[in-house]
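Keep in mind that what you see is a predicted model, and the values were worked out from it rather than measured. Proteins get letters first, then strands, A, B, ... in listed order; numbering begins at 1 in each.
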Amino acid sequence: MDFIINATLKAVKHLYNTDIAAGEVNLQETRKEFEGQVTIVTFPFTKFSKKSPEQTGNEIGTLLQKELKEVTGFNVIKGFLNISLADNYWKSRLYNEILPDGFAVFKPNGKKVMVEYSSPNTNKPLHLGHVRNNLLGFSVAEILAAAGYEVVKTNLVNDRGIHICKSMLAWQKFGNGETPESSGLKGDHLVGKYYVIFDKEYKKQIEDLKADGQTEDDAKKNAPLIKEAQEMLQKWEAGDLEVMSLWEKMNSWVYAGFAETYKRLGVSFDKFYYESNTYLLGKDIIEEGLAKGVFYRKDDNSVWIDLTSEGLDEKLVLRSDGTSVYMTQDMGTAQLKHNDFHIDKSIYVVGNEQDYHFKVLFTILKKLGKDGADGLFHLSYGMVDLPSGKMKSREGTVVDADDLMDEMELTAKEQTEAMGKVEGFSEDEKLHLYHTIGMGALKYFLLKVDPKKRLLFDPNESVDFQGHTGPFIQYTHARIRSVLSRAGVAGISKAHDYAALAAEERDLIVSLTQFPEIIQLAAEGYSPAVVANYIYELAKIYNKFYHEKSILQAEDEAAKQFRLLLSEASGKVINKAMGLLGIEVPERM
RNA sequence: GGUCCCAUAGCUCAGCUGGAUAGAGCAACAGAUUUCUAAUCUGUAGGUCAUAGGUUCGAAUCCUAUUGGGAUCACCA
């Protein structure tokens, strides 16, 4: 649409002898109720045209129509100049831009970006909150790659710490040697079971101590179980062989379980970092910061940074005993990532409960003048809440990721069978279809909302398969593929002789041309929701077209060929756009 | 208490850097299939964009205050 902007600049110069920047031309899609496809908002021009918005619009419109062969007409309503573009213009965009292979493919921009996501604890299985994180991270990585970035997907696994010792200790005390093999439980679920058992036993002990007259706080500190867990952590840090081997054994169970869940979710990583390797990092940065005067040391030997001038607090960056805190290791890990990959941008997909932490972390790294500090971004997403409130692993009030996927696939199966749509499918094809549809519904449900917003999930209300949903879009794709396969591979040729465009056809082309901008917009905003909402609009427009216009029984051969091409283009864009969300589209459903 | 985020139809959400009469889906109601897949399409109904001020030719969008909800402020991660 640059040619319209440029012509508008010229028109403004010619008519009103005023130079304006391209950004001052407010171009938007014309609303459905008006004639035309693009609209220029002319209110701002009245400042220098010294004329009414209507008159200004008419003058510019007249000139544009005279100068541009693509402009076939215009109308003015208040400060809105609605422009109609020639059918040939839209057809040529379909033929020359959308249908060729390079459509919506961005050239590499030479920048490298890291997306860290998932980053689970190894003491319990993944739940719905993790699912949102994983889908977001994976999709954002796909979108950035589509926008021309080189992308490195990383997973920083929190594999050490007191919470893991809790699971280990409970297993040691109450597990009787239970293994995934002996119990048939998935490894991460088995370990999570003992995390819950620990909490239950711990609470019992607290109650007992309180009955003996201790305060709640004292009881929490003095309960034998928590003391044992802390001892275990110390042994771990000291490299105690027995503890290490238990730790390795239980972690390996968890990793096997996670691998299964990741595979089913369709997410993947290029690089894993483990906190057991990174938790000691960052101490050299402390020295560096002290030397630069960014940090200061208190009398008790602890190291701090004063961020009160930035509206933040004083923050501890190293304990008085010289050990690392969360902030210390995150500084170190940021450095490590940069050394390993020389990245231009680094995205952290982490929930918004850690907004403050990342604000502080990024401020510190900037103050230290670290390379890449300007490219840090916290993709802060809202928590997933249940009607009953927040999910809590310890209390078992979570929607488990594996259970949820089971349910989605089951629902997909029931719906599909009820509609009798699996004739001629093999058993494998059926299973694959149920997976595709079930996951499509779940992924779309989670990705269509703005990442920043918190999400309410009611386990009692099943995820929809109709309307603004993944299956709706998948269905649209299946319809398209069905028509194309009926037409036959050799059935499509270019139909330059197809004359006038129907409104439904033009709307579809207009929507298709927007895809590259959508990728750009989604990449800039790190928002899969932008893509999700776009595909929905596109699918709706296609369905309308499909309903109004006969394709295989078109009025003549030219119309048929043209509509087949339009369908092919729509199918491709839907497929690619859904791919950016990590959602598969079926050939039949 | 300090700081940050959020508030749009009964429910779930769109609404891009300010632009037309605020849009979808679900739920409700009424219709469309001898014709390419009805997981579709068409229509009806549903709104004081939390409230009050301000900036502007123009505010759901920007600013201020208030109300309500959430998060965070550990020598936890």
Any-strand Watson-Crick or G-U partner of B/rU72, both distances under 3.5 Å: B/rG2
What's the closest nucleotide to the side chain of A/Tyr536 if the choices are B/rC26, B/rA24, B/rA20? B/rA24
Please state how far atom CG in A/Leu316 lies from atom P in B/rC73, giving the value in whole angstrom units. 13 Å
With both distances under 3.5 Å as the test, what is the Watson-Crick or G-U wobble partner of B/rA30? B/rU42
Looking at A/Thr469 and B/rA39, is any side-chain donor or acceptor paired with a base atom of the opposite kind under 3.5 Å? no
Rounded to whole Å, how long is the line connecting atom CG of A/Asp450 with atom P of B/rC6? 9 Å
Atom CG of A/Asn543 and atom P of B/rU37 are separated, to the nearest Å, by 13 Å
Show your reasoning for whether ring-ring contact (aromatic ring centres under 6.0 Å, His included) applies to A/Tyr434 and A/Phe425. CA-CA 12 Å; A/Tyr434 303 149; A/Phe425 277 70; 8.4 Å; no
Under 4.0 Å between any heavy atoms, over every strand shown, what does A/Lys549 touch: base, sugar-phosphate, or nothing? Just pick one. base
Counting only distance, no hydrogens or angles, is the base of B/rA39 paired donor-acceptor with the side chain of A/Asp464 under 3.5 Å? no
Looking at B/rU37, does its base get a donor-acceptor pair with the side chain of A/Lys421 below 3.5 Å? yes
Are any of A/Lys78's side-chain N or O atoms less than 4.0 Å away from OP1 or OP2 of B/rU21? yes
Tell me yes or no: between the side chains of A/Asp464 and A/Thr469, is some donor less than 3.5 Å from an acceptor? no
Base-pairing mate for B/rU56 - Watson-Crick or G-U, with both contacts under 3.5 Å: none
When you measure from the centre of the six-membered ring of A/Tyr381, is the NZ or CZ of A/Arg132 under 6.0 Å away and within 45° of the axis? no
Choose from B/rC76, B/rG19, B/rC36 the nucleotide whose nearest atom is closest to any side-chain atom of A/Phe80. B/rG19
Checking base pairs now: Watson-Crick or wobble, both atom distances under 3.5 Å. What partners B/rU21? none
Between the side chains of A/Glu504 and A/Tyr542, is a donor N or O closer than 3.5 angstrom to an acceptor N or O? no
Just checking A/Lys452: base, sugar-phosphate only, or nothing, at a heavy-atom cut-off of under 4.0 Å? nothing
If you look at every strand shown and take non-hydrogen atoms under 4.0 Å, does A/Pro44 touch a base, only sugar-phosphate, or nothing? base
Using OP1 and OP2 only, check whether a side-chain N or O of A/Arg454 sits under 4.0 Å from B/rA7. no
Let me know the distance between OH of A/Tyr381 and P of B/rC13, rounded to the nearest Å. 17 Å
Carboxylate-amine/guanidinium contact A/Glu228 A/Lys166, below 4.0 Å: no
If you find the nucleotide of RNA chain B closest to A/Lys359 and the one closest to A/Tyr475, which residue's nucleotide is nearer the 5' end? A/Lys359
Does a nitrogen or oxygen in the side chain of A/Lys540 sit under 4.0 Å from OP1 or OP2 of B/rC41? no
Using a heavy-atom cut-off of 4.0 Å across all strands, would you classify A/Met589 as base, sugar-phosphate, or nothing? base
How many Å lie between CG on A/Leu307 and C1' on B/rU3, as a whole number? 13 Å
From the list B/rC4, B/rG19, B/rA39, which nucleotide is the closest neighbour of the side chain of A/Val41? B/rG19
Here's a test of your reading of the structure: between A/Met419 and A/Ile77, which maps to the more 5' nucleotide of RNA chain B? A/Ile77
With sugar-phosphate meaning primed atoms plus P, OP1 and OP2, does A/Glu275 contact a base, only sugar-phosphate, or nothing at under 4.0 Å between heavy atoms? sugar-phosphate
If I compare all heavy atoms of A/Met331 with all of A/Phe295, which pair ends up nearest, and what's the gap? SD-CZ, 4.1 Å
Proximal nucleotide (of B/rU37, B/rU40, B/rA77) relative to the A/Gln466 side chain: B/rU40
Below 4.0 Å: OP1/OP2 of B/rU37 and any side-chain N or O of A/Ser482: yes
At under 4.0 Å between heavy atoms, what does A/Lys47 touch on the DNA or RNA strands: base, sugar-phosphate, or nothing? nothing
Would you classify A/Asn123 as touching base, sugar-phosphate or nothing, given that sugar-phosphate means primed atoms plus P, OP1 and OP2, and contacts are heavy atoms under 4.0 Å? nothing
In terms of side-chain geometry, is the basic nitrogen of A/Lys560 or A/Glu555 positioned less than 4.0 Å from the acidic oxygen of its partner? no
The side chain of A/Gln553 lies closest to which of these nucleotides: B/rU35, B/rU37, B/rA32? B/rU35
Think A/Lys298 forms a cation-pi with A/Trp304, using NZ or CZ under 6.0 Å from the six-ring centre and within 45 degrees of its axis? yes
Examine B/rA22: is either OP1 or OP2 under 4.0 Å from a nitrogen or oxygen in the side chain of A/Arg31? Give yes or no. no
Provide, to the nearest angstrom, the distance between the CD atom belonging to A/Gln415 and the P atom belonging to B/rU40. 10 Å
Using the side-chain heavy atoms of A/Lys453, tell me which of these nucleotides is nearest: B/rA39, B/rC41, B/rC6. B/rC6
Value in whole Å for how far the C1' atom of B/rA20 lies from CD of A/Glu29: 14 Å
Residue A/Leu552, side-chain heavy atoms: nucleotide from B/rU40, B/rC36, B/rC41 that is nearest: B/rC36
Hey, does A/Thr416 reach any base, or is it just sugar-phosphate, or nothing, if we go heavy atoms under 4.0 Å? base
With C1' as the reference atom in both, quote the distance from B/rA22 to B/rG46 in angstrom, rounded to an integer. 14 Å
With both distances under 3.5 angstrom, what nucleotide forms a Watson-Crick or G-U wobble pair with B/rA7? B/rU67
Nearest to the side chain of A/Phe43, heavy atoms from C-beta on, is which of B/rG19, B/rA77, B/rC41? B/rG19
With heavy atoms under 4.0 Å as the rule, sort A/Thr323 into base, sugar-phosphate or nothing. nothing
Spacing of A/Leu456 atom CG relative to B/rA7 atom P, expressed in whole Å: 15 Å
Given B/rC41, B/rC36, B/rA77, which nucleotide is nearest the side-chain atoms of A/Gln329? B/rA77
Tell me the partner of B/rU37, counting only Watson-Crick (N1-N3 plus N6-O4 or O6-N4) or G-U wobble (N1-O2 and O6-N3) with both under 3.5 Å; none if nothing fits. none
P atoms of B/rC4 and B/rU44, separation to the nearest Å: 45 Å
Using a 4.0 Å heavy-atom cut-off across all strands, classify A/Tyr326 as base, sugar-phosphate, or nothing. base
Nearest heavy atoms of A/Leu126 and A/Pro120, plus distance in Å: CD2-CB, 3.8 Å
Identify whether any heavy atom of A/Arg486 sits under 4.0 Å from a base atom; if not, whether one sits that close to sugar-phosphate; answer base, sugar-phosphate or nothing. sugar-phosphate
When you get a sec, tell me which of B/rA77, B/rA20, B/rC36 is the closest nucleotide to the side chain of A/Asn158? B/rA77
